[in-house]
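Keep in mind that what you see is a predicted model, and the values were worked out from it rather than measured.
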Amino acid sequence: MPSNDVRNLAQAAVPTAAVGAIAAVVSGVVAGGEGAIGAVVATLVVILFMGLGLYVLQRTAKSFPQLFQMMGLMLYAAQLLLMVVFVAAFKNTTLFNPRAFAIVLVVSTLTWIAAQTRAHMKAKILYVDPDASSKGDKPEKTGRSS
């Protein structure tokens with residue numbers, strides 16, 4: 001991953017992990033040990049799903065810039081669907097508190113999306129390829145803008 005992609009990943013994952021840690025403490029106080037375990041599992045699921053989604057989206061943007069927007073919409077829909085499947089699959093589990101799991105899953109997802117949006121807005125992403133203009137060619141669009 002290029003450094004810009006790693007920076008975007010870190011700027012989304014760190015606030016999500018921080019919110020997950022706070023949620024684990026709150027869930028632990030409210031629902032006991034099972035609540036804390038549910039909060040930790042939910043936070044890890046969000047970081048894993050959203051991190052993999054960001055990685056796939058960045059690879060798509062580099063390989064097929066014309067598919068970037070469609071792939072982004074499809075990816076977010078798939079991620080939300082997978083999270084609904086996780087909530088349904090662990091609805092009656094005794095390993096952790098399902099209510100704490102579901103609440104922290106939603107809160108962590110919203111935190112990830114807000115942090116990723118902020119990271120993208122703050123990123124200084126070039127719209128044209130500067131290497132192409134130094135070779136005397138016409139600048140090529142990269143498919144991304146800031």
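- Separating the CZ atom in R59 from the CG atom in L54 is a distance of 13.0 Å, to the nearest 0.5 Å.
- Nearest approach of A17 to T43, heavy atoms of both residues: CA-CG2, 4.2 Å.
- Separation of atoms OG1 (T111) and CD (Q116) is listed at 12.5 Å; rounding is to 0.5 Å.
- Atom CD of Q79 and atom CE of M83 lie 6.0 Å apart (nearest 0.5 Å).
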* side chain to side chain contact (heavy atoms under 4.5 Å, CB included) between V45 and L82, intermediate numbers included -> CA-CA 10 Å; V45 165; L82 281 172; over 6 Å; no

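- Connectivity analysis of hydrophobic side chains (ILVMFWY, heavy atoms under 4.5 Å, direct or indirect) links I103 to V19, V107.
- L95 contributes atom CG, which lies 10.0 Å from atom CZ of F101 (distance to the nearest 0.5 angstrom).
- Partners of L52 by side-chain contact (heavy atoms from CB on, under 4.5 Å), not counting sequence neighbours, listed by chain and number: L48.
- Taking OG1 from T60 and CD from Q66, the interatomic distance works out to 10.0 Å, rounded to the nearest 0.5 Å.
- Among I113, I47, L110, T109, the single residue meeting the side chain to side chain contact (heavy atoms under 4.5 Å, CB included) criterion with T16 is I47.
- The aromatic rings of F86 and F49 lie perpendicular to each other, with more than 60° between the two planes, well past the 30° mark.
- Side-chain atoms of S27 and V104, non-hydrogen and from C-beta on, do get closer than 4.5 Å to each other.
- Distance check, rounded to the nearest 0.5 Å: CG of L75 to CE of M50 gives 8.5 Å.
- V46 and V41 end up in the same hydrophobic cluster when Ile, Leu, Val, Met, Phe, Trp and Tyr side chains are linked at under 4.5 Å.
- Considering all non-hydrogen atoms of both residues, P15 and A115 come closest at CG-CB, 3.9 Å.
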